[in-house]
Amino acid sequence: MVRLMPSGEEVQQYLTGVWQMMLGRSEGLSLLDLSVDGFWNSFYAIMVALPALVVGWVAIANSVSYAVYFEVRFAILLRLFIVDMGAWVLPLAVLGAISRPAGIASRFVHYVVASNWASALFAWLMLPSALLRLFWPGAQELTLFVSIVLFIASLVLSWRLTIIAIGRGLATGSAVFLGMLVTSITALMLLQELLGLDFQ
C-alpha cells in the first residue's frame, strides 16, 4: 500500500539528497526513495511546498487592483494554484510520454522523484521575493532584483540536479533540462491565458 505521507525525517532526507545533487554530488541520489511507492510519495512534495507557494499567491492577489473583495482574491488564489500545479505536473507527464523514444525511460523515476523534491526546495528558495512583495510592495526594484537572482540560482541548481538524475552525460542531461524548462514555461503561460490571469 502506498503511504502518501512520508515522515518528517524522510522529507528531510529527501531534501538533503536533492540539495547534494544540486551541488554536483551524485551520492545524493542514494538518499531518495526510487521505488514505485517512492515515485508516488514524491508528489507529497507539493504539500511541503504549499505554504511557501501560498505566500507568493497572496502577494500576487494583493497586488491586483481590482481584487478588492475576498471572493475575487480567493478566485485568483484558486487559479494561481491550478496554474502552478499544472506547470509542476504537466511537464512530468510530457516527459513520461516521450521518455522511451528519448532513451531515458530507465531514468524517468529518478528524475521525477528528484524533480518533485527539488521543486519543494525551490518554492522555499523563492520565498524571500514573495515576502518582499507581500510586506514591502513599494520595493518593486528590490523585489525584481531578488527574484531574478533566485531564479537564476534555481536554474543552475536544477540543471546540475537534472544531469545527475538522468545519468546519461552532460549533453543528454542538458537537453532534458532545457526541454523541461521550455515545457514548464509554456504550460505556465497557456494556463495563465486560459484562466484569464492577466495582471497587466
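The shown structure was predicted, so the numbers you read here are calculated from the model rather than taken from an experiment.
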Colleague: Of all the heavy-atom pairs spanning Leu53 and Ala123, show the shortest one and how long it is.
Modeller: CD2-CB, 4.0 Å

Colleague: Check Ala120 against Ala49 and note the closest heavy-atom contact, atom names and distance.
Modeller: CA-CB, 3.7 Å

Colleague: Measure from the side-chain N and O atoms of Arg133 to the backbone N and O of Gly56, and report whether any donor-acceptor pair falls under 3.5 Å.
Modeller: no

Colleague: Where is the tightest heavy-atom contact between Arg100 and Ala105, given as atom of each residue plus distance?
Modeller: CA-CB, 3.9 Å

Colleague: Locate the shortest heavy-atom distance separating Trp124 from Val48; write the atom from each residue and the value.
Modeller: NE1-O, 2.9 Å

Colleague: Got a second to check how far Ile166's CD1 is from Ser106's OG, nearest 0.5 Å?
Modeller: 9.0 Å

Colleague: For Val55 and Phe135, what are the C-alpha separation, side-chain angles and deciding distance, and is it a side chain to side chain contact (heavy atoms under 4.5 Å, CB included)?
Modeller: CA-CA 10 Å; Val55 173; Phe135 294 110; 5.8 Å; no

Colleague: Measuring only between side-chain heavy atoms, which start at C-beta, is Trp159 closer than 4.5 Å to Ile163?
Modeller: yes

Colleague: Atom CG in Leu161, atom CE in Met21: separation rounded to 0.5 Å?
Modeller: 4.0 Å

Colleague: Verify side chain to side chain contact (heavy atoms under 4.5 Å, CB included) between Tyr111 and Leu92, making sure each step is shown before the conclusion.
Modeller: CA-CA 9 Å; Tyr111 178 79; Leu92 297 178; 3.8 Å; yes

Colleague: Could you check whether atom CE of Met85 has more than 12 heavy atoms from other residues, nucleotides or ligands sitting under 6.0 Å from it?
Modeller: yes

Colleague: Hey, any chance Met47 and Val18 share a hydrophobic cluster, counting ILVMFWY side chains that come within less than 4.5 Å of each other, even indirectly?
Modeller: yes

Colleague: Measuring only between side-chain heavy atoms, which start at C-beta, is Ser30 closer than 4.5 Å to Gln20?
Modeller: no

Colleague: Is there a path of hydrophobic side-chain contacts, each under 4.5 Å between heavy atoms of I/L/V/M/F/W/Y residues, joining Ile82 to Met189?
Modeller: no

Colleague: So do Trp57 and Ile76 actually touch side chain to side chain, heavy atoms under 4.5 Å?
Modeller: no

Colleague: Do Leu157 and Leu121 have side chains that approach each other closer than 4.5 Å (heavy atoms only, starting at C-beta)?
Modeller: no

Colleague: Distance-only, no hydrogens or angles: does the Ser42 side chain make a donor-acceptor pair with backbone N or O of Phe39 under 3.5 Å?
Modeller: yes

Colleague: In Å, rounded to the nearest 0.5 Å, how long is the span from OG of Ser154 to CE of Met22?
Modeller: 9.0 Å

Colleague: For the residue pair Leu190 and Leu194, establish whether any side-chain heavy-atom pair is separated by less than 4.5 Å.
Modeller: no

Colleague: Over 60° means perpendicular and under 30° means parallel, so classify the ring planes of Trp117 and Tyr14, tilted if in between.
Modeller: tilted

Colleague: Quick one: CG on Leu32 to CG on Asn116, what's the gap to the nearest 0.5 Å?
Modeller: 10.5 Å

Colleague: If you apply the rule side chain to side chain donor-acceptor pair (under 3.5 Å), what do you find for Asp33 with Ser35, and how did you get there?
Modeller: CA-CA 6 Å; Asp33 182 357; Ser35 66; 2.7 Å; yes

Colleague: Hey, could you give me the CD1/CG distance between Ile46 and Asp84, rounded to the nearest 0.5 Å?
Modeller: 10.5 Å

Colleague: Quick one: does any side-chain atom of Ser184 pair with a main-chain N or O of Met180 as donor and acceptor, under 3.5 Å?
Modeller: no

Colleague: Quick one: CZ on Phe81 to CG on Leu50, what's the gap to the nearest 0.5 Å?
Modeller: 7.0 Å

Colleague: Counting only N and O atoms by type, is there a donor-acceptor contact under 3.5 Å from the side chain of Thr172 to the main-chain atoms of Gly169?
Modeller: no

Colleague: Within the structure provided, determine whether Thr162 and Ser158 are in side-chain contact (heavy-atom separation under 4.5 Å).
Modeller: yes

Colleague: Hey, does Ile164 have a side-chain heavy atom less than 4.5 Å from the side chain of Arg25?
Modeller: no

Colleague: Which heavy atom in His110 sits nearest to a heavy atom in Leu29, and how many Å separate them?
Modeller: CD2-CD2, 3.9 Å

Colleague: In terms of hydrophobic clusters joined by side-chain contacts under 4.5 Å, are Leu31 and Val109 together?
Modeller: no

Colleague: I would like to know whether Leu95 and Val112 meet side chain to side chain contact (heavy atoms under 4.5 Å, CB included); could you show each step before the answer?
Modeller: CA-CA 9 Å; Leu95 182 64; Val112 171; 5.5 Å; no

Colleague: Hydrophobic clusters here meaning ILVMFWY residues chained together by side-chain heavy-atom distances under 4.5 Å, can you tell me if Trp88 and Leu181 are in one?
Modeller: no

Colleague: Should we say atom CD of Glu9 is surrounded by more than 12 heavy atoms from elsewhere, each under 6.0 Å from it?
Modeller: no

Colleague: Start with the C-alpha distance between Trp19 and Leu15, add both sets of side-chain angles, then the distance that settles side chain to side chain contact (heavy atoms under 4.5 Å, CB included), and finish with yes or no.
Modeller: CA-CA 6 Å; Trp19 179 247; Leu15 295 179; over 6 Å; no

Colleague: Of all the heavy-atom pairs spanning Ala87 and Leu188, show the shortest one and how long it is.
Modeller: CB-CD1, 3.9 Å

Colleague: Are Leu142 and Leu150 connected in a single hydrophobic cluster, I mean Ile/Leu/Val/Met/Phe/Trp/Tyr linked by side-chain heavy atoms less than 4.5 Å apart?
Modeller: yes

Colleague: Any sub-3.5 Å donor-acceptor pair from Ser99's side-chain atoms to Gly96's backbone N or O?
Modeller: yes

